[in-house]
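Comments concern the structure below.
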Amino acid sequence: MDFYRRVAVVGQRIPRGRVATYGQIAMLCQKPRAARQVGYALGRVLPPGTLPAQRVVGHGGRLSGARSFATPHTQRELLEREGVCFLPDGRVDMVRSAWQTTLQQVQELEALFLQLGI
DNA sequence: GGGATGGCGTTTT
DNA sequence: AAAAACGCCATCC
């Protein structure tokens, strides 16, 4: 499905030290209500390593996918190692670490989708 | 075809 | 604050 290829393209553009939410990725793929399918893409569809999965978190910075990493705290460790900030309650500090996408970047993605025919 | 099931998210108790 | 109820939509029995 083209949607999953888009998820891969978008996910690969999440900068090191930043995180994106499932919903945010769905938006960037032009499918605002497909947050769950993003999760499905990461867990079941895309080959492991296709994109930095540790940088994809739930709304508000929840580490909802931590279970599918090597150990329950692997995701957190990977993120801390690349400089992502955490709050006392264990969520990512989205104010400091969320991936901010500019209109420019969104348009680049659209162009890329078009170019790739996806 | 139809019901269950998600690495989700929002709204309502 | 926490839990449940919905809405969502591709997949998998």
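Proteins come first, then strands; the chains are lettered A, B, ... in the order of their sequence lines, and each starts at number 1.
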### Task
Under the side-chain contact (heavy atoms from CB on, under 4.5 Å) rule, collect the residues that match up with Arg91(A), sequence neighbours excluded.
Arg62(A), Leu87(A), Asp89(A)
### Message
Using the P atom as the point on both nucleotides, what is the distance between dG7(B) and dC6(C), in whole Å?
### Response
23 Å
### Query
Taking a pair as Watson-Crick (N1 to N3 plus N6-O4 or O6-N4) or G-U wobble (N1-O2 and O6-N3), both under 3.5 Å, which stems of 3 or more consecutive pairs involve DNA chain B?
B:2-6 with C:9-13, B:8-13 with C:2-7
#### Entry: Touch class at under 4.0 angstrom, heavy-atom based, for Gly23(A) against every strand present
sugar-phosphate
### Query
With sequence neighbours left out, what residues match Glu108(A) under salt bridge (charged side-chain N to carboxylate O under 4.0 Å, His left out)?
Arg13(A)
## Note on the structure
Those residues at least two apart in sequence (or on a different chain) that pass side-chain contact (heavy atoms from CB on, under 4.5 Å) with Met94(A) are Val19(A), Thr21(A), Val57(A), Val92(A), Ala98(A)
### Query
Under the 3.5 angstrom rule, does the side chain of Gln105(A) hit a backbone N or O of Thr102(A) as a donor-acceptor pair?
yes
### Query
In the 5'-to-3' direction, what one-character label does each nucleotide of nucleotides 2-13 of chain C receive under the scheme B = base within less than 4.0 Å of a protein heavy atom, S = sugar-phosphate only, - = no such atom?
-----BBBSSS-
### Task
For the residue pair Leu63(A) and Gln54(A), establish whether any side-chain heavy-atom pair is separated by less than 4.5 Å.
no
### Non-neighbouring partners of Arg55(A) that pass salt bridge (charged side-chain N to carboxylate O under 4.0 Å, His left out), sequence neighbours left out
Glu82(A)
### Query
Quick one: salt bridge (charged side-chain N to carboxylate O under 4.0 Å, His left out) partners of Glu110(A), sequence neighbours excluded?
none
### Task
Considering non-hydrogen atoms only, spot the tightest contact between Ala35(A) and Ala26(A) and give its length.
N-CB, 3.7 Å
### Query
Taking only residues two or more places apart in sequence, or in another chain, which ones meet Phe3(A) in a side-chain contact (heavy atoms from CB on, under 4.5 Å)?
Met1(A), Val7(A), Cys29(A), Lys31(A), Ala34(A), Gln37(A), Val38(A)
### Query
Are the side chains of Phe113(A) and Asp2(A) in touch, meaning some heavy atoms are under 4.5 Å apart?
no
### Summary
Members sharing Phe69(A)'s hydrophobic cluster, built from side-chain contacts under 4.5 Å between Ile, Leu, Val, Met, Phe, Trp and Tyr, are Leu78(A)
### Query
Using a heavy-atom distance cut-off of less than 4.0 Å, which residues of residues 53-86 of chain A contact DNA chain C?
none
### Query
What is the 5' to 3' range of DNA chain B, first to last nucleotide, that sits under 4.0 Å from any heavy atom of chain A?
dG6(B) to dT10(B)
### Query
In Å, rounded to the nearest 0.5 Å, how long is the span from CG of Leu109(A) to CG of Leu114(A)?
12.5 Å
### Message
Holding to side-chain contact (heavy atoms from CB on, under 4.5 Å), I want the full list of residues that pass it with Arg67(A), two or more places apart in sequence or in another chain.
### Response
none
